[in-house]
Protein chains: 2
Amino acid sequence: MARAVPTNPRKSASQKRSQVTVEALLDATARVLTKVGYDRASTNRIAATAGVSVGSLYQYFPNKEALVAALVARHNREMLALLSDALKEVASLDLATAIAKLVRAAVDAHRVDPALHRVFDEQVPRMGQLAKIEALQGETYRLVKSYLEKRRNEISVRDLDSATSILVTTVEALTHQFVIHRPEAPDRDRDRFIDEVTRLVVGYLMPVRR
Amino acid sequence: MARAVPTNPRKSASQKRSQVTVEALLDATARVLTKVGYDRASTNRIAATAGVSVGSLYQYFPNKEALVAALVARHNREMLALLSDALKEVASLDLATAIAKLVRAAVDAHRVDPALHRVFDEQVPRMGQLAKIEALQGETYRLVKSYLEKRRNEISVRDLDSATSILVTTVEALTHQFVIHRPEAPDRDRDRFIDEVTRLVVGYLMPVRR
DNA sequence: TATATTTGCGAGCTATCACTCGCATTGTCT
DNA sequence: AGACAATGCGAGTGATAGCTCGCAAATATA
């Protein structure tokens, strides 16, 4: 319980065996987090779930926070890859269609493991090591902004930076809210939701002189 | 540390003296939370900060979670009152102006105690007792929806319910993000931000045939 | 004033947590 | 095979957390 001082990384796994251990620990962390929540997810419990000793856990992660941070980082990298793919698939479409597809991609991405997503959102404290992880969110920002830049002539906003940050925040919040509060929503409702978000975004990016 | 079973409320304060104690505890909770964060905010620490014994704390709050829940509830009631006032002040304005004023009110509300707000947002786990608190958020939803209903003829959205939920989520997320990431933003930037959010919202509620 | 009730106290109990360390096992290199 | 390094182990340690309980002080009631 006593963890006042910030911690440094440990040795990184070099042999295959240890890499398996690390993966097992991350997987176990995800399972334990979704099963019992952040507070009750102790390092002992996670190690046991992973079929690994606590000692091994601390060989690769200096503390619980670093462990969770690594899991979040892995998760974020996956999400980022999905976004990147979606942006490529959408490169040649007109903006309105593209936005619709992107929003759908966001919703689908969040539906992969909603329980884990929910824990990240509702329980994992975003501080310390975890705060650094948000820097990885900056990559999302960059990807979206560079996409908007390519479509600059179809878009009429004062400032691409604020537009990007507004869009990323908005779509993320709405997607979270939808997936968390209506995890079993039928396809029709999901389509409706995507439609509404698309209208919101397109209306913002391509306003019509009134 | 051992708190497996959910807990019931304790006796509520009847004499003035005890009400003072309860208030002191809530105030201390806010101070401790913003100072050391959720994890390190122990009940002993909170009681000491309040100038009250742990025993007294547990006379009114069955556990730490209930204590924090009570604080969040108090905070939410204050926020709700601000929203309610803002809606009244805006009743007779045209929609676009009204939205702008409402967004400004939201930003101002979050600027009252940004540190506390941040703790609520980033650290306080939204589960158990805290989940019930979100039901109080339903009141926000109801207020906004009834406002939109009064303006139904100026608005063109398919469904007022989804529109309400989208607007509440969006404005809240954007406001949070702005206040947390730019707590010291100059007035000009704040005005800009309010402008953008207003454009986003108005563009959604009053789309122009394209 | 005498009695009953409410409120306040805080040392201390138990549970649990994060984390260590000396030793055993497995893998690599020559 | 032999030597050295990498990895795995898990009982044990110290610290701290949440929470209780017996008693004292303050307030209400008669």
Side-chain angles (χ1 to χ4, degrees), chain A residues 1-26 28-29 32-33 36-70 123 125 127-130, chain B residues 1-26 28-29 32-33 36-70 123 125 128-129:
Chain A
M1 205 53 113
R3 169 177 31 96
V5 189
T7 43
N8 309 322
R10 295 272 156 112
K11 67 178 73 174
S12 54
S14 59
Q15 298 181 2
K16 284 169 199 167
R17 183 164 60 124
S18 57
Q19 288 178 9
V20 170
T21 302
V22 170
E23 294 263 319
L25 282 169
L26 290 181
T29 304
V32 173
L33 277 181
V36 306
Y38 182 83
D39 275 343
R40 302 168 61 92
S42 70
T43 50
N44 285 302
R45 192 167 195 160
I46 291 171
T49 302
V52 158
S53 82
V54 224
S56 298
L57 186 156
Y58 280 95
Q59 222 156 34
Y60 301 105
F61 303 98
N63 52 47
K64 174 178 166 180
E65 198 182 331
L67 181 57
V68 175
Q123 298 187 40
M127 55 184 309
Q129 307 240 24
L130 269 305
Chain B
M1 203 58 112
R3 170 175 31 95
V5 189
T7 42
N8 309 324
R10 296 270 156 115
K11 68 178 71 172
S12 54
S14 60
Q15 297 182 6
K16 284 168 199 168
R17 183 165 60 123
S18 57
Q19 288 177 9
V20 170
T21 302
V22 170
E23 294 263 319
L25 282 169
L26 290 181
T29 304
V32 173
L33 278 181
V36 306
Y38 182 83
D39 275 344
R40 302 169 60 91
S42 70
T43 51
N44 285 302
R45 193 166 194 161
I46 290 172
T49 302
V52 157
S53 81
V54 224
S56 299
L57 187 156
Y58 281 97
Q59 222 155 34
Y60 301 105
F61 302 98
N63 52 47
K64 175 178 166 180
E65 198 183 331
L67 181 57
V68 176
Q123 296 186 42
Q129 308 239 22

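Here is how names work: the chains are called A, B, and so on, in the same order as the sequence lines, proteins then strands, and each is numbered from 1.
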Is A:Tyr58 close enough to D:dG10 that one of its side-chain N or O atoms is under 4.0 Å from OP1 or OP2 there? no
Distance check needed: D:dT20 P versus B:Tyr60 OH, whole Å only. 16 Å
Listed pairs, N/O of protein and of nucleotides 10-13 of chain C, under 3.5 Å:
unit_1	atom_1	unit_2	atom_2	d
C:dG10	N7	B:Ser53	OG	3.4
C:dG10	N7	B:Gly55	N	3.4
C:dG10	O6	B:Gly55	N	3.4

Are any protein N/O atoms closer than 3.5 Å to N/O atoms in nucleotides 26-30 of chain C? If there are, list each pair with its distance.
none

Given DNA chain D, 5'-ward residue of the pair A:Gly51 and B:Ala41, judged by closest heavy atom: A:Gly51
Partner residues of B:Ala50 under the side-chain contact (heavy atoms from CB on, under 4.5 Å) criterion, sequence neighbours left out: B:Ala24, B:Leu25, B:Ala28, B:Val52
Once side chain to side chain donor-acceptor pair (under 3.5 Å) is applied, do any residues pair with A:Ser56, and if so which ones, sequence neighbours excluded? A:Ser53
Non-neighbouring partners of B:Thr43 that pass side chain to side chain donor-acceptor pair (under 3.5 Å), sequence neighbours left out: B:Tyr58
CD of B:Glu23 versus P of C:dT7: gap in Å, rounded? 15 Å
Main-chain N/O of B:Gln129 paired with B:Glu65 side-chain donor or acceptor, under 3.5 Å: yes
Round to the nearest Å and state the distance from A:Ile46 atom CD1 to C:dA18 atom C1'. 11 Å
Could you tell me the separation between the CZ atom of A:Arg45 and the NZ atom of A:Lys64, rounded to the nearest 0.5 Å? 10.5 Å
Rounded to whole angstroms, how far apart are CZ on B:Phe61 and P on D:dA17? 20 Å
Is there side-chain contact between B:Ile46 and B:Val54, with at least one heavy-atom pair below 4.5 Å? no
A:Val32 to A:Ala41 - nearest heavy-atom pair and separation: CG1-CB, 3.6 Å
Nearest whole angstrom, please: distance from the C1' of C:dA15 to the CG of A:Asp39. 15 Å
Residue set satisfying side-chain contact (heavy atoms from CB on, under 4.5 Å) with A:Ala70, at least two apart, ordered chain then number -> A:Leu26, A:Phe61
Between C1' of D:dC9 and CD of A:Gln59, the distance in whole Å: 9 Å
A:Val20 meets the side-chain contact (heavy atoms from CB on, under 4.5 Å) criterion, sequence neighbours left out, with none
How long is the line joining CG of B:Leu57 and C1' of C:dT7, in whole Å? 14 Å
B:Leu67 CG to D:dC19 P, in whole Å, measures 11 Å
